Amino acid sequence: MAVIKVHDKSFETYLPEDQIQQRIKELATAINTDYAGKRPLFIAILNGSFMFAADLFKHVNIDAELCFIKLASYKGMKSSGNVVTSIGLEDDLFGKDVVIVEDIVDTGKTLHNFLPKLMHQQPKSLKIASLLHKSEATEYPLTIDYVGFDIPNKFVVGYGLDYDGLGRNLKEIYQLI
Ligand code: 5GP
């Protein structure tokens with residue numbers, strides 16, 4: 001098990017690269033089945049989900065669209081949860097099958113605040129795919145249709161997720177020691 005340092009904190013390997021990639025293939029297989037004959041629009045939430053969205057999308061073998069949007073910021077190691085704004089949502093979602101792509105759902109507040117904005121545009125359907133879910137931390141219950149890994153309520157970095165800007169480039173996911 002590798003121990004790494006990001007800024008002042010030590011982290012240990014929690015999910016190795018092959019396990020992440022294997023699980024993403026499984027999620028894509030489920031999505032390919034569920035959306036066969038449809039043309040879903042994946043809306044990936046920046047910054048954290050860029051790696052997951054790219055790897056997931058490579059395994060989607062049906063017609064599908066992808067866009068990236070930016071929501072609230074996440075400072076330090078505590079979720080602020082305040083969705084300030086959404087930048088980049090130019091698509092008209094009316095009548096579309098939308099799949100939100102998130103890196104992690106923690107308290108659920110971010111999506112809880114953002115989903116009504118999307119629903120306002122009357123998509124045909126709306127599902128959520130999140131690589132990680134801290135179900136123990138739930139404060140705003142949400143149905144997450146595609147969950148990669150349910151993880152304990154501990155801070156993680158890597159595979160797109162940062163700690164104060166660093167760690168996004170790690171291929172594995174690391175947990176705070
Ligand atoms: P929520 O609104 O569900 O509480 O938090 C969602 C956001 O908080 C995620 O999109 C992510 O930016 C951030 N977040 C929550 N837990 C962690 C974590 O363990 N590590 C990192 N890097 N970000 C997290």
Side-chain angles (χ1 to χ4, degrees), residues 1-17 19-21 23-24 27 31 41-57 66-89 98-120 126-177:
M1 180 159 307
V3 173
I4 58 156
K5 242 182 156 174
V6 181
H7 290 296
D8 54 327
K9 302 267 187 272
S10 296
F11 293 83
E12 61 187 4
T13 317
Y14 178 64
L15 294 169
E17 186 182 2
Q19 214 174 313
I20 297 170
Q21 294 301 329
R23 185 70 188 123
I24 290 174
L27 295 181
I31 289 171
L41 168 66
F42 290 78
I43 301 179
I45 301 185
L46 291 170
N47 292 325
S49 75
F50 75 96
M51 237 185 233
F52 173 46
D55 283 339
L56 181 73
F57 207 58
L66 171 66
C67 72
F68 288 89
I69 64 167
K70 185 145 187 169
L71 298 183
S73 54
Y74 184 87
K75 300 244 181 292
M77 292 178 37
K78 207 164 165 288
S79 171
S80 73
N82 298 317
V83 177
V84 205
T85 180
S86 72
I87 305 162
L89 189 61
V98 172
V99 182
I100 302 292
V101 181
E102 259 287 26
D103 49 352
I104 184 164
V105 175
D106 182 8
T107 65
K109 190 171 182 182
T110 306
L111 288 182
H112 172 85
N113 288 344
F114 180 57
L115 292 184
K117 282 193 188 173
L118 292 185
M119 291 310 288
H120 195 67
L126 183 67
K127 286 195 180 184
I128 301 168
S130 185
L131 179 65
L132 305 173
H133 183 207
K134 290 183 183 170
S135 60
E136 289 171 5
T138 303
E139 288 175 32
Y140 300 82
L142 289 167
T143 302
I144 307 175
D145 306 276
Y146 306 99
V147 179
F149 302 92
D150 196 339
I151 65 166
N153 193 6
K154 285 188 182 174
F155 190 78
V156 290
V157 290
Y159 196 73
L161 291 132
D162 74 312
Y163 166 40
D164 269 348
L166 297 183
R168 294 194 197 277
N169 49 333
L170 298 162
K171 294 185 183 72
E172 313 79 16
I173 290 172
Y174 293 81
Q175 194 175 55
L176 183 68
I177 297 175

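Not measured: the values here are computed from a predicted model. Only this structure's heavy atoms are used, side chains among them; waters, hydrogens and symmetry mates stay out. Both ligands and their constituent atoms are indexed starting at 1 by order of listing.
- Per-residue contacts place Thr110 under 4.0 angstrom from the following atoms of ligand 1 (heavy atoms of the residue considered): 1 (P), 2 (O), 5 (O), 6 (C).
- Distances below 4.0 Å separate heavy atoms of Leu161 from the following atoms of ligand 1: 21 (C), 22 (N), 23 (N).
- Applying side-chain contact (heavy atoms from CB on, under 4.5 Å) to Leu131 and the options Asp103, Leu15, Asp55, Ile24 leaves one that passes, Ile24.
- Contact annotation: the side chain of Asp162 never approaches that of Asn47 to less than 4.5 Å [non-hydrogen atoms, C-beta and beyond].
- Side-chain atoms of His133 do not come within 3.5 Å of backbone N or O of Ile144 as any donor-acceptor pair.
- Closest of all the heavy-atom pairs between Glu172 and Glu17 is CG-N, 3.9 Å.
- At least one heavy atom of Gly108 sits closer than 4.0 Å to an atom of ligand 1.
- Using the six-membered ring where Trp is involved, Tyr163 and Phe155 have ring planes that are perpendicular, over 60° apart on the 30 and 60° scheme.
- Within the structure, ligand 1 has Val156 among the residues with a heavy atom less than 4.0 angstrom away.
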Could you list the donor-acceptor pairs under 3.5 angstrom formed by side chains in residues 136-143, with sequence neighbours left out?
from   : atom 1 : to     : atom 2 : distance (Å)
Glu136 : OE1    : Asn153 : N      : 3.3
Thr138 : OG1    : Ser135 : O      : 2.8

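- Here is the list of ligand 1 atoms found below 4.0 Å of a heavy atom in Asp162: 21 (C), 22 (N).
- For the side chain to side chain contact (heavy atoms under 4.5 Å, CB included) test, residues two or more places apart in sequence or in another chain that qualify with Phe50 are Leu46, Phe68, Arg168.
- Not a single heavy atom of Tyr163 lies less than 4.0 angstrom from ligand 1.
- The Glu102 neighbourhood of ligand 1 comprises atoms 10 (O), with distances under 4.0 Å to a heavy atom of that residue.
- Distances below 4.0 Å separate heavy atoms of Lys134 from the following atoms of ligand 1: 16 (N), 17 (C), 18 (C), 19 (O).
- Counting heavy atoms closer than 4.0 Å to ligand 1, residue Asp103 contributes side-chain atoms (C-beta onward) but none from N, CA, C or O.
- With a 4.0 Å heavy-atom cut-off, ligand 1 is reached by no atom of Glu139.
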